[in-house]
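Scroll down for the structure; my scribbles are underneath it.
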Amino acid sequence: MKLSVRRLCFGALCTALTVVLLYFGGLFPTGVLAFSAAAALFTAGCRITSGTETALLSFGASLLLGLLLMPDKAPVLYYIFFFGWYPFIKCYADEKLKPPLGRLVKQLSCNIALLLLALFFRSLLNFPFLFGFNGIVFWLLLFAGTNAVFFVYDIGLSQVFRYYRKHISPRFKC
């Protein structure tokens with residue numbers, strides 16, 4: 001994996017901006033999801049501009065810096081479980097798969113991420129009321145709401161990619 005200086009510098013810039021947005025997510029508790037989702041735009045921009053290798057390095061560096069430096073880990077956890085890796089899944093699904101199968105892969109990846117997050121919080125916090133009969137209703141509503149929001153997020157990200165392709169870089173492939 002040979003990286004040019006330009007690609008490496010752009011990846012470092014994307015990493016720094018991602019960490020700044022994750023930090024803002026910790027400062028403003030009502031914007032945790034919004035700042036985590038916005039931080040993923042830098043991962044997507046890095047993948048578009050500098051390639052998958054640079055974007056993976058930027059994603060990994062953002063994870064490590066976020067876990068080491070952030071006083072509030074909630075935005076970092078949302079970035080890890082949902083938003084940080086999603087540009088890679090989205091580009092793969094949009095480039096390589098037909099639309100119905102691509103949509104299924106993206107929604108399935110969202111549900112797997114939510115399940116992993118739920119298992120993580122269960123092992124960390126062990127809330128018994130979230131796992132009884134009332135907990136089943138809670139998790140069903142949470143999965144349904146998350147899938148609806150994730151669907152809208154995917155459409156919005158597609159619009160951002162379309163704008164980028166049309167106005168900024170016509171050779172963009174995702």
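Residue numbers run from 1 in the order of the sequence given. Since we're looking at a predicted model, the values are computed, not measured.
The hydrophobic cluster containing Ile112 also contains Ile89, counting ILVMFWY residues as joined when their side-chain heavy atoms lie under 4.5 angstrom apart, directly or transitively. At a threshold of 4.5 Å between side-chain heavy atoms, the hydrophobic network of Ile, Leu, Val, Met, Phe, Trp and Tyr places Ile80 and Leu64 in two separate groups. Side-chain heavy atoms closer than 4.5 Å link hydrophobic residues (I, L, V, M, F, W, Y) into clusters, and following such links, even through other members, never connects Leu157 to Val152. The same ILVMFWY cluster, assembled from side-chain heavy atoms under 4.5 Å apart, contains both Phe161 and Leu97. Tyr153 and Leu108 fall within the same hydrophobic cluster, where Ile, Leu, Val, Met, Phe, Trp and Tyr residues are linked whenever their side-chain heavy atoms come under 4.5 Å apart, directly or through other members.
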List the atom pairs, with distances to 0.1 Å, where a side-chain N or O of residues 8-28 and a protein N or O form a donor-acceptor pair under 3.5 Å, not counting sequence neighbours.
unit_1	atom_1	unit_2	atom_2	d
Thr15	OG1	Gly11	O	2.8
Thr15	OG1	Ser58	OG	2.9
Thr18	OG1	Cys14	O	2.7

Worksheet item: Stepwise, does the side-chain contact (heavy atoms from CB on, under 4.5 Å) test hold for Arg103 with Phe151?
Response: CA-CA 9 Å; Arg103 166 66 47 210; Phe151 181 76; 3.5 Å; yes
Discussion item. Assess the residue pair Phe42 and Ser62 against the criterion (side-chain contact (heavy atoms from CB on, under 4.5 Å)); give the C-alpha distance rounded to whole Å, side-chain angles, the decisive distance to 0.1 Å, and a yes or no.
Written reply: CA-CA 10 Å; Phe42 291 112; Ser62 300; over 6 Å; no
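No donor-acceptor pair closer than 3.5 Å links the side chain of Asp154 to the backbone N or O of Phe150. Side chain of Thr54 to backbone of Gly51: no donor-acceptor contact under 3.5 angstrom is found. Judged purely by atom type and a 3.5 angstrom limit, Lys73 uses its side chain to pair as donor or acceptor with the backbone of Leu67.
For the residue pair Phe143 and Asn111, the shortest heavy atom distance occurs at CD2-OD1, 3.4 Å. In this structure, Ser50 and Arg7 approach most closely via the heavy-atom pair O-NE, 2.8 Å. Across Tyr86 and Lys106, no two heavy atoms sit closer than the pair OH-CD, 3.1 Å. Minimum heavy-atom separation, Val76 to Leu63: CG1-O, 4.4 Å. For Gly84 against Pro87, the heavy-atom pair with the smallest separation is O-CD, 3.5 Å. Trp85 and Ala113 get closest at one heavy-atom pair: CZ2-CB, 3.6 Å.
Between the side chains of Tyr79 and Thr43, a donor-acceptor pair is found at a separation under 3.5 Å.
The line from NZ of Lys90 to CZ of Arg47 is 11.0 Å long, rounded to the nearest 0.5 Å.
With sequence neighbours left out, Arg6 forms a salt bridge (Lys or Arg N to Asp or Glu O under 4.0 Å) with no residue at all.
Between Phe35 and Tyr78, the distance separating the two ring centers is not shorter than 6.0 angstrom.
Residues Phe88 and Leu56 form a side-chain contact, since some pair of their non-hydrogen atoms from C-beta on lies under 4.5 Å apart.
Just one of Leu116, Thr146, Leu33 meets the side-chain contact (heavy atoms from CB on, under 4.5 Å) condition when paired with Phe82; it is Thr146.
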